[in-house]
Amino acid sequence: MIHRWNVSPKEAISIQKSLKDKLIFKPFNKTPTYVAGVDLSYIDNKSLAVIVVIDSKFNVVEITYHIDEIKYPYIPGLLAFREGPVFLKAWQKIKTNVNLVMFDGHGIAHPRKLGIASHMGLWIKKPTIGIAKKKLVGTYDEPSNTKFSFSYLWHNGEKIGIVLKSRENTKPIFISPGHLIDLDSSLNIVKKYITKYKLPEPTRLAHIYTQKLKNEIIEKE
DNA sequence: GCGACAG
DNA sequence: ATCTTGTCGC
């Protein structure tokens, strides 16, 4: 336990400010054997977290999930306080030795440099990367319409992420390091997991399974 | 005060 | 995230 989750928005913000300095950024050049993707969906008053683990050939080797009551509202900048607890419970069920985790949301591309990917990285002590579909903070130039062309996301005078055109004729994705990895390594790893779709396989598959599981649960009620 | 605002 | 069918365009 690093801290409590049942906190007010003000307390949450102070927690983020104190955790930010614990982040570590370093090169990650090895080829990961197992990479996990995380995504959530909502059913009535419950949230469903799904973790998909794939190997280097993009084969799914493990899937775990956890359903819990929604205990925190969605507040921009405090996403981890809404989705973090559910993810952590699903994470406890993972048996595979995961080498890196990709999250739906930002890493350090956050007002206090502690988006959900960074925050969760501190909890699980694993390299993490944030993959977001929209920016939260920062400015950038629109990358050209060519696969893998990119530009940097800047905030307060520093490079906090990469805006990548992962596929032609599609809005770019925002990549930022979470924990135990740096910006350049994050881009290289993510590119390796992009096939013909907008999102890298870990996150893309997690999203598919979270929707699939959700529908299976809905028809049974 | 106004606009922005991950999922 | 979620409510929701077809439709335009690469």
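If you're wondering where the values come from, they're calculated on a predicted model, not measured in any experiment. In what follows, every chain begins at residue 1, and chains take the letters A, B, ... in the order their sequences are listed.
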If we ignore hydrogens and angles and just use 3.5 Å, is the side chain of Ser14(A) paired with the main-chain N or O of Glu11(A) as donor and acceptor?
yes
Just the endpoints, please: which first and last nucleotides of DNA chain C, 5' to 3', lie under 4.0 Å from a heavy atom of chain A?
dA1(C) to dC10(C)
With distance as the sole test, does Asn145(A) use its side chain to make a donor-acceptor pair with the main-chain N or O of Asn169(A) at under 3.5 Å?
yes
Indicate yes or no for a side-chain donor-acceptor contact from Ser186(A) to the backbone of Asp184(A) under 3.5 Å, with no hydrogens or angles considered.
no
Qualifying residue, where the test is side chain to side chain contact (heavy atoms under 4.5 Å, CB included) with Ile194(A) and the options are Glu201(A), Arg204(A), Lys147(A), Arg167(A):
Lys147(A)
Are Tyr65(A) and Tyr209(A) an aromatic pair by the rule of ring centers under 6.0 Å?
no
Take Val163(A) and Phe174(A) through the side chain to side chain contact (heavy atoms under 4.5 Å, CB included) test and state the conclusion after the steps.
CA-CA 5 Å; Val163(A) 187; Phe174(A) 300 78; 3.9 Å; yes
Can you give the dot-bracket line for DNA chain C, where a pair is Watson-Crick or G-U wobble with both atom distances under 3.5 Å, crossing pairs use [ ], and | marks a partner on another strand?
..........
Could you list by number each residue of residues 68-88 of chain A showing a heavy-atom separation from DNA chain B of less than 4.0 Å, or answer none if no residue does?
Tyr74(A), Pro76(A), Gly77(A), Leu78(A), Leu79(A), Arg82(A)
Do Ser151(A) side-chain atoms and Tyr140(A) backbone N/O form a donor-acceptor pair below 3.5 Å?
no
Strictly distance-based, threshold 3.5 Å: is any side-chain N or O of Ser149(A) a donor or acceptor partner for the main-chain N or O of Ser144(A)?
yes
Is the ring centre of Tyr72(A) less than 6.0 Å from the ring centre of Tyr74(A)?
no
In whole angstroms, how far is the P atom of dG7(B) from the CZ atom of Phe174(A)?
9 Å
Could you go through residues 114-135 of chain A and list every donor-acceptor pair under 3.5 Å that involves a side-chain atom there, pairing it with any protein atom two or more places apart or in another chain?
residue	atom	partner	partner atom	Å
Ser118(A)	OG	Gly107(A)	O	3.4
Ser118(A)	OG	Ile108(A)	N	3.4
Ser118(A)	OG	Gly178(A)	O	2.9
His119(A)	NE2	His3(A)	NE2	2.9
Trp123(A)	NE1	His3(A)	NE2	3.3
Lys126(A)	NZ	Asn97(A)	OD1	3.3
Lys126(A)	NZ	Val98(A)	O	3.0
Thr128(A)	OG1	Ala117(A)	O	2.7
Thr128(A)	OG1	His179(A)	N	3.1
Lys133(A)	NZ	Asp104(A)	OD2	3.3
Lys135(A)	NZ	Gly138(A)	O	2.7

Can you tell me how far P of dA6(B) sits from NE2 of His110(A), to the nearest Å?
11 Å
Exam field: side chain Thr64(A) to backbone Ala90(A), donor-acceptor pair closer than 3.5 Å:
yes
Give, ordered by number, those residues of residues 124-148 of chain A having at least one heavy-atom distance below 4.0 Å to an atom of DNA chain B; if nothing qualifies, reply none.
Ala132(A), Lys133(A), Lys134(A), Lys135(A), Leu136(A)
Return yes if some donor-acceptor pair links the side-chain N/O of Glu62(A) with the main-chain N/O of Thr96(A) below 3.5 Å, else return no.
yes
On a heavy-atom basis, the closest approach of Pro143(A) and Pro172(A) is CG-CB, 4.0 Å
How many Å lie between CZ on Arg112(A) and C1' on dA6(B), as a whole number?
12 Å
If you count the non-hydrogen atoms of other residues, nucleotides and ligands that lie under 6.0 Å from OH in Tyr42(A), is the total more than 12?
yes
Take the protein atom CD1 of Ile175(A) and the nucleotide atom C1' of dA6(B), then report the distance between them rounded to whole Å.
15 Å
Positions of residues 176-199 of chain A (non-hydrogen atom under 4.0 Å from DNA chain B), listed by number:
none
Can you tell me the distance, in whole Å, between the NE2 atom of His155(A) and the P atom of dA6(B)?
14 Å
Heavy-atom nearest nucleotide on DNA chain C for Glu168(A) versus Gln211(A): which residue maps closer to 5'?
Gln211(A)
Using the six-membered ring of Phe28(A), assess whether NZ or CZ of Lys30(A) lies under 6.0 Å from its centre and within 45 degrees of the ring axis.
yes
Heavy-atom nearest nucleotide on DNA chain C for Arg167(A) versus Ile218(A): which residue maps closer to 5'?
Ile218(A)
For Tyr42(A) and dA6(B), what is the distance between atoms OH and P respectively, to the nearest whole Å?
13 Å
Going by the angle between their ring planes, with limits at 30° and 60°, are Trp5(A) and Phe81(A) parallel, tilted or perpendicular?
perpendicular
